[in-house]
Structures are given as C-alpha cells and as structure tokens.
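Take a look at the structure set out below.
The figures here come from the full heavy-atom set of this structure, side chains too, leaving out hydrogens, waters and symmetry mates. Lettering of chains follows the sequences in order, A, B, ..., and the numbering in each one begins at 1.
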There are 2 protein chains.
Amino acid sequence: MSTQNISQHIKVTVDAIVFGYNQEQGISVLLIKRKIEPYTLQWALPGGFVHDEETLEEAAERELKEEAGISINYLEQLFTFGKPDRDPRARIISVAYFGLVKSTDFSLFAATDAAEAQWFNIYELPQLAFDHAEILHKAIERLRAKITYEPIGFELLNRKFLFSDLEQLYMKLLGREIDRRNFKRKVMSLGLVVELNEKAPALAAGRPGKLYSFDKEKYQQLKIKGFDLDKLI
Amino acid sequence: MSTQNISQHIKVTVDAIVFGYNQEQGISVLLIKRKIEPYTLQWALPGGFVHDEETLEEAAERELKEEAGISINYLEQLFTFGKPDRDPRARIISVAYFGLVKSTDFSLFAATDAAEAQWFNIYELPQLAFDHAEILHKAIERLRAKITYEPIGFELLNRKFLFSDLEQLYMKLLGREIDRRNFKRKVMSLGLVVELNEKAPALAAGRPGKLYSFDKEKYQQLKIKGFDLDKLI
DNA sequence: CCAAAAGTGTTGTGCCTACACCCATGG
DNA sequence: CCATGGGTGTAGGCACAACACTTTTGG
C-alpha cells in the first residue's frame with residue numbers, strides 16, 4: 001500500500017439481501033421503504049453506514065435488526081459495489097451481504113410495521129433505489145448457483161418438511177421441472193436429510209406425505225470441511 | 001439504508017493479488033516491500049487508497065502500475081476485508097482484487113527496481129504486513145477452486161505452450177498427480193485448446209512436443225455466456 | 001544405445017437420466 | 001369413486017478413472 005495520508009471522502013455502507021421462502025409466496029426478498037432522502041418512499045435493500053467499531057458483518061446484522069426487526073445468524077459476503085456515482089449524495093461504497101431465513105420467520109416478521117419492511121417475490125420486484133436492482137440481481141445469481149452445489153434448504157425450510165417442499169423450492173429457484181425420483185435419490189444419498197417417523201397432516205386431497213428433516217450435525221460437518229459434492233441438480 | 005449523516009472515520013483501500021506462473025518458479029504471487037510506516041520493510045500485497053473519482057477496480061489497476069509497473073487487463077473482485085483492527089493506523093477496509101498474468105510478463109517486470117517488488121512462490125512466502133497473509137490465503141483457495149471449473153491456463157501460460165506445460169501448471173496448483181491421457185482428452189474436448197503445426201525446440205533430452213495454443217474466440221464466447229462445464233479435473 | 005519426455009486407446013464401472021404405475025387419503 | 005398428491009425401480013448411455021507401451025529426440 002502506498003500510504004501518504006490521502007484525504008479521502010468515501011463512506012462505507014453495508015446492504016443485506018435476505019431471501020426467505022414459503023409455500024404461498026415462493027422465494028422472496030426482504031425490502032424496506034425508505035423514509036429519508038434520497039429515493040424517499042422507494043423500496044430498497046435494508047442497510048446503512050458501518051459504525052467505526054463494528055465489523056462489516058456486524059453492521060449488516062445490526063441494520064437488519066433495526067430496519068426490519070429480524071435476526072440472522074449467518075450472513076455471507078456477496079460483493080462490494082463501488083462505482084463513484086452509485087449514490088447521489090457522495091462517494092459511498094457498499095459491501096453487500098447475503099442471507100437466508102426459514103419460512104417460519106415470516107409470521108414473526110409480520111408483527112412489525114408492515115408499511116416499512118416487506119417481502120417481495122423475486123420475480124415481482126418493485127423499482128429499487130440506488131443500484132439495488134443490480135445488487136439484487138447478483139444475489140439471485142449467487143443463490144441460484146449455490147443451490148446446485150449446496151443443500152440450501154436447511155436455511156429456507158421449516159425444521160420438518162415434506163419432500164415435496166424441497167422439490168418445489170428447487171423447482172421455483174431453478175425455474176424448471178426436476179425429476180422427483182432422481183432428485184430424491186440424490187438428496188438422500190448425501191445423508192443430510194433424514195426421514196422421520198411422522199406423517200404430515202393431510203392439508204388437501206391426496207396422500208399425506210412423510211416428514212423429513214435435515215441432519216444438522218452432518219450438515220455442519222460437511223460445511224466445515226468444505227464438501228465438494230458433485231452438482232446436486 | 002438508514003441515512004442520518006453519520007460522521008464515519010473509515011478509509012477504503014484496494015489490494016491486488018496477482019498470480020503468475022513459469023516453469024522454474026512455479027506459481028508465484030507479486031509482493032512489494034513497504035517503504036513507509038507501518039510495517040516498514042515488510043512484504044505486502046500491492047495496493048493503496050482508493051481515489052475519490054475512480055472505481056475500485058481502477059484503483060487496483062492504478063496501484064499495480066504505480067507500485068509494480070505491471071498492467072493487468074482483467075481483475076476479479078475477491079473479498080472485502082473489514083475487521084476494525086486490521087490496520088493499526090485507523091479503521092481501513094480493503095477490497096481485494098485478484099488477477100492472473102502470463103509468464104512472459106515476468107521478464108518485463110524484472111526491469112523495474114527489484115528491491116521493491118518481487119515474485120514469491122506461493123509455497124514459500126515471507127511474513128506479510130497487516131492481514132495480508134489471510135487475504136492471500138483466501139486468494140489461493142479461490143485460484144485452486146477456479147482451476148477446476150475454468151480453463152485458467154489462458155492467462156497464465158505463454159501464447160504457445162506444450163501440453164506438458166498445462167499439465168504441470170495444473171499439477172503444481174492442485175498439488176497432486178493427474179493422468180496425462182485423461183487430462184488431455186478432457187481439455188481437448190472443450191475445444192478451447194488447438195494444436196499448432198509447429199514443434200517446440202527440444203530443450204533437453206526427450207522427444208520434443210508439439211505446440212498448442214488457446215482459441216481466444218471460443219474462450220471469450222464461453223466466458224461471456226457463463227459456461228458451466230463439468231469439473232475439469 | 002540409453003535416458004528422457006511426448007504421444008496415444010481401450011475397457012470397466014458407476015452415475016446420471018429418462019421414464020410410468022400404484023398407494024393413501026379427503027371430499 | 002374420483003381427484004389429488006406421495007411414493008417407488010429399472011434399464012441404457014455416457015463420462016470418468018485406471019491402466020502401459022511406443023516414438024522421437026539428445027547425449
């Protein structure tokens with residue numbers, strides 16, 4: 001680093017892209033309605049300035065809690081956006097973080113002021129402030145890539161789920177049909193999903209399915225030692 | 001973004017991790033010797049403060065030219081490092097960029113003041129300033145991952161090369177033997193490498209090999225439409 | 001003629017894909 | 001009994017891994 005003490009007028013923000021999933025709404029992303037200039041009343045990703053003594057990830061977690069009332073255990077750094085004119089106020093670079101939440105957190109969230117934070121289906125997005133459309137686009141790409149080599153369902157599904165839930169999550173995200181038999185065989189061969197001895201209550205017509213859940217231990221183990229399983233789909 | 005005008009004392013730098021390759025030195029990374037506080041005379045990644053009107057990538061390119069005299073066409077963003085205490089002077093976050101250069105650029109580089117910038121084999125690194133060891137570690141991981149799904153040789157080898165050069169590059173990077181016959185078949189099936197009608201001069205004992213080169217057009221095409229070829233190795 | 005490196009084919013195995021019918025329940 | 005969704009097996013093809021001998025040159 002060449003380190004003359006340059007006077008630099010750059011500020012640093014974080015933005016958080018949080019994806020959620022449930023049966024009705026499909027794959028959604030959390031947005032907030034801006035209450036201040038610029039882009040007042042437009043939808044934007046939750047985020048804000050990094051404080052002097054916190055890490056970037058902590059900043060993203062804090063902003064999520066402040067602006068949307070949700071706590072996320074695990075955020076992954078996505079990309080840093082730094083074009084000089086991406087914010088009309090000043091030179092502001094933004095480090096984007098990426099997270100997944102269970103569908104059970106949806107209801108939790110509905111408790112907060114619905115006008116200021118909301119889930120949007122990723123295929124039906126409003127106009128977004130700043131370069132947030134670009135950021136979100138990149139996040140969706142990453143999500144789609146991730147799902148092919150990591151069992152993402154763990155973060156997105158309820159603790160107990162039907163196999164068809166997992167199928168549908170994958171189909172919605174990939175935007176195409178997948179073969180149920182092949183998919184199940186592959187997923188089960190990973191040993192991450194275990195069959196429970198419970199049947200789901202039959203919600204509609206049709207044969208009720210068994211419940212499944214993720215084997216958290218195995219999941220963590222594999223995540224740590226960096227499982228490079230062949231493409232899942 | 002919650003956007004009270006917070007007074008923020010964070011500065012932004014970029015650091016560049018440039019990998020090169022040649023037969024003798026193997027896979028190397030470019031480091032510079034710091035001439036100012038802190039960490040004076042220690043080796044560090046080239047980099048420095050982002051200017052107010054340039055993009056992050058431009059900043060990385062500029063610093064590489066200033067500090068090491070090399071021009072790189074393509075840099076890829078690696079990660080942003082932002083722990084509050086990673087720099088003893090102040091809160092400084094660093095956006096790390098990642099690049100590859102041909103071995104022919106090595107000689108070019110030797111022309112500049114050798115004391116201040118140097119290539120180091122990635123398996124024989126000196127102590128590094130700041131958290132640069134961590135940054136470099138992450139870059140090497142990325143390089144290793146990249147090589148399994150992208151034909152990286154294009155950036156690292158000379159325009160014309162022996163097939164054994166490509167083999168050895170992969171073996172050095174992966175740290176294990178690969179089967180020459182299977183490797184060649186796979187690489188050729190991608191259609192990115194073409195056989196030239198030239199023989200290389202025989203440098204040592206042994207049968208001289210044919211020369212090969214990358215088909216730049218096809219390479220660019222595939223890179224653009226995001227080829228998700230199955231794992232190469 | 002010997003050492004060193006380049007070049008080259010085949011076979012088996014396992015994984016992936018494609019594909020269709022029966023089962024359990026609610027209405 | 002019908003509609004709805006859940007559950008399951010198999011056969012063929014393809015890509016990958018394993019494997020060794022011949023050719024060309026320099027010394």
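Nucleotide D:dG9 holds its C1' atom 11 Å from the CG atom of A:N182, rounded to whole Å. Rounded to whole angstrom, the span from the CG atom of A:L162 across to the P atom of D:dT4 amounts to 18 Å. Taking atom CG of A:D179 as the reference point, atom C1' of D:dG7 lies 13 Å away to the nearest angstrom. Rounding to whole angstrom units, CD of residue A:E177 and C1' of C:dT17 are separated by 15 Å. In this entry the distance linking CZ of A:F183 with C1' of D:dT8 reads 16 Å, nearest Å. Atom pair B:R185:CZ and D:dC19:C1' shows a separation of 11 Å (rounding to whole Å applied). Atom-to-atom, NZ of A:K186 to P of C:dG14 comes out at 18 Å; the value is rounded to the nearest Å. The distance between atom CD1 of B:I178 and atom C1' of D:dC19, rounded to the nearest whole Å, is 16 Å.
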All N/O pairs under 3.5 Å across the protein-nucleotides 20-23 of chain C interface:
| residue | atom | partner | partner atom | Å |
| --- | --- | --- | --- | --- |
| C:dA20 | N1 | A:R181 | NH1 | 3.0 |
| C:dC23 | O4' | A:R207 | NH1 | 3.4 |
| C:dC23 | O2 | A:R207 | NH1 | 3.2 |

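B:K199 has no side-chain polar atom (N or O) that falls below the 4.0 Å cut-off from OP1 or OP2 of D:dT24. Within the structure, every side-chain polar atom (N or O) of B:K184 is placed at least 4.0 Å from both OP1 and OP2 of C:dA6. Using a 4.0 Å cut-off, no side-chain N or O of A:S164 falls inside it from OP1 or OP2 of D:dG5. Of the side-chain N and O atoms in A:K210, one or more sit less than 4.0 angstrom from OP1 or OP2 of D:dT8.
Each of A:E76, A:E155, A:E141 was scored for a salt bridge (Lys or Arg N to Asp or Glu O under 4.0 Å) with A:K146, with one residue passing: A:E76.
Not a single donor-acceptor pair under 3.5 Å links the side chain of B:E63 to the backbone N or O of B:D15. In this structure, the side chain of B:H132 engages the main chain of B:L45 through a donor-acceptor pair within 3.5 Å.
Checked against side-chain contact (heavy atoms from CB on, under 4.5 Å), A:F79 has the following partners two or more places apart in sequence or in another chain: A:F81, A:K138, B:Q77.
Checked by atom type, the side-chain pair B:Y21/B:Q168 shows no donor-acceptor distance below 3.5 Å.
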Stepwise salt bridge (charged side-chain N to carboxylate O under 4.0 Å, His left out) check, A:E58 with A:R62: CA-CA 6 Å; A:E58 282 162 4; A:R62 178 181 49 72; over 6 Å; no
Please set out all donor-acceptor pairs under 3.5 angstrom arising from side-chain atoms of residues 194-202 of chain B, sequence neighbours excluded.
| residue | atom | partner | partner atom | Å |
| --- | --- | --- | --- | --- |
| B:E195 | OE2 | B:K210 | NZ | 3.1 |
| B:E198 | OE1 | B:K160 | NZ | 3.2 |
| B:E198 | OE2 | B:K160 | NZ | 2.8 |

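When distances are taken from the side chain of B:F163 to each of D:dG7, D:dG9, C:dG7, the shortest belongs to C:dG7.
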